[in-house]
Each structure stands twice: as C-alpha cells, then as structure tokens.
Amino acid sequence: MKNRIWRIAFAFLSLLILTVSLVSCGGSSDGTGSGSAFNLFATDDLNADYTGVWVKVYHADMVDSTGAKVDLLTSTDGVTVNLRALNDGAAKFLLLCPGKLPAGTYTKVEFELDKSVTLVATGSGTVSTADFPDSYDATVAGHSLLSADITPNLTVPGSSKLIIDFDLKNWTVSSGVITPVLTVSSGTGFDDGSRHEPFEFRGTVGDLAGTAPTQTFTLNLKNGGTISVTTSDTTAIVGDGGVTSLSNGMNVHVYGTFDPTTNTITATSIRADSEFSSFAAAVGAASNGDALAQTFTLTPKCVHGFVPQGDSLTVSTSDTTKYRGHHGSMLTEAQFYEALAAAGDNAVVDAEGTYDSGSNTLTAKSVHIENETEVDHAEAQGTVTAADLTTGTFTLTVSESDGFANNSDTLSVVVSVDALFTNNEGHIMTEADFFAALASPTQRIKIKGSFANGVFTATRLQLKH
C-alpha cells in the first residue's frame, strides 16, 4: 500500500512539474521551441506632441491562419518601452522579441499591454496618463490587447523578422482615453545599424565560444527566445565577487545594440545577476552629476520594474551605494563622480535600486558607469619609467603609436580612475599588481585611451611579452 501511495504521489508531482513548465514557457505555442529564428521589432511614426510615451508590454503573440497563437514574449512584470524614443525625425528600431516561429502562415501580431500609458508633453514636460479604451480590455484586469493585421501574410520558413509601427502620429487622446493605431512597417532604414536602439536583455549564457575579450554566445532569454551576442575588448563585464569573465549557465543582463548585418547583439556591457537584480533598474544617458548632493540625472534607454514620470529621472546615491567604473572596477564615490564628469556626453549609467514615483527618483543600491562611445581611439606601446601607483602616472618610451600625434619619443601617461588592467593573456588584474609588473625595465605594455594637451589618459592597459 505504501509503495502504491508513493507511486501515485510521484506521478502527481511529475504532472505538476510538467504543468508548471508549460505555463512558464508559454505552453506548446511557445516561440522558444523548435522552428525558424525570428525577430519582432518595434518602431514609431513621429508624434511631436510628446517627448515620452511609456507603455508596458506583458505579452507578444504571433497569430497563424488557424487562429493559434505563438508566444514570442511573456513578462510577468512587463517590459517598459518609451515608444516615442523610436523616432527622431526618422524611424528607429528596437528588437523587442527575439524568438522562433514554427512553420506556418501568420496573419496577425497581438500585444498585451498595461491599460495605462504614461505621456510626457513636449515643451512643458507635464506628465499625464491615459487609458486604452475599454473595448481593448484583455482577460487580465488592467491589461489591454493591441493588434496589427499582417498583409500580405507572413510565411515561415521564409520570413525572419517583422517590424511593427506603433503609429503614434495617428494615436488620439481625448478625456483620458488614448486610442492606438498599429501597422506593419516597411522597414525603411532598418539596414543602417546606427538606427537601432540599445536595450537590455536578460537571460543565461550558452554555447560560449572564442577567447576573451572577443567571444560569442547564445543568450537564452528569461522572457523567451534566444539571441546571439558578440563581445569585444570594449565590452564591460561586471559582477559581484570579482566576476570578470563569462561562463556557460551564467545569469546575465546584456546591454547592447542589434546589428542588422550579423543578426547579433553587440554587447556594450554584460552584468552578472547581483543581489540587486530584482530591484528597479534603469540604463541610459547620465548628466548633471553633483558629487556634493550625491545625485545625477538619468535619461533612460530602458527600464525594469517601473515607469518613469518624465523623460528623465533623478538617481540618488549614498555612502552605501556600490560604485563601479566602465570596465567593472570598484570605485569610491568620489571616483565615480569624477569618471561621470570625464565621460561627458558619452556617459551611460546602469542603476539599480528603489524607485519613488512621487519624486521621480531612483535611490541607487548599485551604479555602473560606462561610455556610450569609447573615446580611447589613441593607442601606444613601449616600456615604462617613473611608474607611481599613488598618483596613477608613468612615462612611456614609445615604440609604436596610432591615433594621435606626439612630438616626443616619451609620453606622459595618467591612468583613468576606471581603467582596465590586463596581463599578457588578457586576464584582468588589479592596478597594484599591474604597477608592480612595471618595476621590470624590460616590461612592455600597450595602452589605449585619449591624448590631449600633451598627456595620454589611459583607459585600458595590457602587459605585453
């Protein structure tokens, strides 16, 4: 009798696990299953009345000719997107849903969004909300269904992407009700990589290949689907506990831009899951750094866990905030604000913490500064004298140089506060260990950075054989 009871219990448990797995993966219609690789993009047609149109997307489904749905995106918390950012006078493109589609003919795409839309008025910056009409209500309370017919129908295999235009210029707002229009975009400008918006994708690393810092891997997305990712020596890898390299199975947040030529994400930064990964987060351009007030302004490219009450928000830091530099090095508060100022218009910050909608402020548990565009176009190689760890300076006797003009065989070098130090094999090392290696008069190094007013500011330094 006991064995029979255990067999029944085991069978029930197995069935329960299977059921939970199907629900969490979108069931048998899940776009993460077998099929052809397929990407769903969002774009916008300009509406000059607003500088921000924030929506939250919970589901994205492709509907086939039989009426069956294939789930490309499922997010319990919702993916927050500023649709207005997808046009600056011409269309910009956002990879919203990487995934797979089974063979078939598809007639419609359907989005499940939060019923409420946050609007930021042009000029005044006034923030308001409007709701989609009740006729768009989904079965889930507080959610709305928006769809676009695909004409001509999309056939798989054959088609590998679809671009949906959230046609904001034809959206109307009246008495707190916003009526949307969605169409299929022709994709004019899609092949221009500069027209693609950076975004953050969360998932696990798989099929890691190559030698750091130049690697490729498959990101198995938490929201479903997969996407290929490429890294380079400009990609920052950030993590708690001294994480400086990638490994299969690692949970990561990849911030980067879709490359339409290679159909991959070019990673700007990769951050391993941290103790703050479940908190509100925002990534975007940083400005107005104030070390005394411990604040800066963030204009987000993407956010998680909240909807900003404006085009930008205030990030407040404190003595307990974890500060990181461009390449993941731990910084003091003073060094962070110094690096923020040095990055200027190129400053991008990833901030995690708690968000207060009343003050439109994110109180940061962790901040990571990076450059949107690397400014280290100058490089040089040679041997070192007068190395001083305390001041972070040395003199380089130059044997090779590129990207700048210097009228001397020697070069005054100052190390940036968030510099990356690597050994001969490209593995990260501490600044102290790097400077210790410079004690050898025959030790050659390679530096990258910027040159101005007779001084080379080094952001990346590597020991050379």
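Here the structure is a predicted model, which is why all the values come from computation and not from measurement.
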I'd like to know if the side chain of T235 reaches the main chain of A267, judged simply by a donor and an acceptor atom lying under 3.5 Å from each other, with no hydrogens or angles considered. yes
Side-chain H-bond candidate by donor/acceptor type, S159 with Y106, under 3.5 Å: no
Using distance alone, with no hydrogens and no angle criterion, decide if N360 and Y355 have a side-chain donor and acceptor under 3.5 Å apart. yes
CG/L221 to OG1/T226 distance, rounded to the nearest 0.5 angstrom? 7.0 Å
Is T80 close to V55 at the side-chain level, that is, under 4.5 Å between some pair of heavy atoms? no
Would you say T122's side chain and Y50's backbone share a donor-acceptor pair under 3.5 angstrom? yes
Does R202 use its side chain to pair, donor to acceptor, with the backbone of V254 at less than 3.5 Å? no
Closest approach of A138 to L145 (non-hydrogen atoms, all atoms of both residues): CB-CG, 3.7 Å
Under a 4.5 Å cut-off applied to non-hydrogen side-chain atoms, are V252 and L219 in contact? yes
Step by step, would you call R84 with D49 a salt bridge (Lys or Arg N to Asp or Glu O under 4.0 Å)? CA-CA 10 Å; R84 180 58 184 80; D49 292 337; over 6 Å; no
Test H253 against I270 for side-chain contact (heavy atoms from CB on, under 4.5 Å), laying out the working first. CA-CA 6 Å; H253 303 176; I270 300 174; over 6 Å; no
Just to verify, what does F190 make a side-chain contact (heavy atoms from CB on, under 4.5 Å) with, not counting sequence neighbours? F41, F93, K161, I163, H196, F258, P260
Tell me whether Q335 contacts the main-chain N or O of T332 through its side chain, where contact means a donor paired with an acceptor under 3.5 Å. yes
Partner residues of F201 under the ring pair (Phe, Tyr, Trp, His ring centres under 6.0 Å) criterion, sequence neighbours left out: F199
Compute whether any side-chain donor of one residue and acceptor of the other, for T51 and D311, lie under 3.5 angstrom apart. yes
Look up atom CG in N39 and atom OG in S160, then write down how far apart they are to the nearest 0.5 Å. 7.5 Å
Side-chain H-bond candidate by donor/acceptor type, E200 with Y255, under 3.5 Å: no
Are L461 and T422 close enough that some pair of their side-chain heavy atoms sits under 4.5 Å apart? no
All heavy atoms of D149 vs all of V184, minimum pair found to be O-CG2, 3.5 Å
For the pair W171 and F132, name the ring-plane relationship: parallel under 30°, tilted 30 to 60°, perpendicular over 60°. perpendicular
May I ask you to decide if K169's main-chain N or O and D45's side chain share a donor-acceptor pair within less than 3.5 Å? no
Between N248 and L208 (side chain of the first, backbone of the second, donor and acceptor by atom type, cut-off under 3.5 Å), is there such a pair? yes
Working for side-chain contact (heavy atoms from CB on, under 4.5 Å), residues F421 and T430: CA-CA 6 Å; F421 302 90; T430 66; over 6 Å; no
Closest contact, heavy atoms only, H368 versus S269: CE1-CB, 4.0 Å
So that I can tick it off, tell me whether E379 and R460 are bridged by a salt bridge, with the cut-off set at under 4.0 angstrom between side-chain N and carboxylate O. no
Closest heavy-atom contact between S116 and T129? OG-CB, 3.8 Å
Ring pair (Phe, Tyr, Trp, His ring centres under 6.0 Å) with F111: which of Y136, Y58, F166? F166
Tell me, do V367 and T321 make a side-chain contact under 4.5 Å, heavy atoms counted? yes
Look up atom CE in M62 and atom CG in D71, then write down how far apart they are to the nearest 0.5 Å. 12.0 Å
Could you check whether any side-chain N or O of E112 sits under 3.5 Å from a backbone N or O of E110, counting only pairs where one atom can act as donor and the other as acceptor? no
How close do T43 and L86 get, heavy atom to heavy atom, and via which atoms? OG1-O, 3.7 Å
Less than 4.0 Å between a side-chain N and a carboxylate O, is that true for K365 and E352? no
Pairwise side-chain contact, V53 with V117, heavy-atom cut-off 4.5 Å (strictly under): yes
Could you give me the CA-CA distance, side-chain angles and deciding distance for H143 and K115, then say whether side-chain contact (heavy atoms from CB on, under 4.5 Å) is met? CA-CA 5 Å; H143 291 193; K115 186 179 178 71; over 6 Å; no
Any chance you could measure I237, atom CD1, to R271, atom CZ, to the nearest 0.5 Å? 13.5 Å
Taking only Lys NZ, Arg NE, NH1 and NH2, and the carboxylate oxygens of Asp or Glu, determine whether D350 and R324 approach each other closer than 4.0 Å. no
Between V181 and T183, is any pair of side-chain heavy atoms under 4.5 Å apart? yes
Closest non-hydrogen atom pair, I178 against P180: O-CD, 3.6 Å
Got a donor-acceptor contact below 3.5 angstrom from the S144 side chain to the L113 backbone? no
Rounded to the nearest 0.5 Å, how far apart are CG of D319 and CD of E333? 5.5 Å
Does the side chain of P213 reach to within under 4.5 Å of the side chain of T231, using non-hydrogen atoms? no
After noting the C-alpha distance and the side-chain angles of I227 and T218, does the key distance pass the side-chain contact (heavy atoms from CB on, under 4.5 Å) rule? CA-CA 6 Å; I227 187 69; T218 298; over 6 Å; no
Here the gap from L72 atom CG to L101 atom CG, rounded to the nearest 0.5 Å, amounts to 5.5 Å
Mind checking whether L246 and Q215 have side chains closer than 4.5 Å, heavy atoms only? yes
Can you spot which of T297, T314, T295 makes a side-chain hydrogen bond (donor to acceptor under 3.5 Å, both in side chains) with N288? T297
Audit row: K69, D64, salt bridge (Lys or Arg N to Asp or Glu O under 4.0 Å) steps and yes/no: CA-CA 6 Å; K69 296 182 180 181; D64 70 15; over 6 Å; no
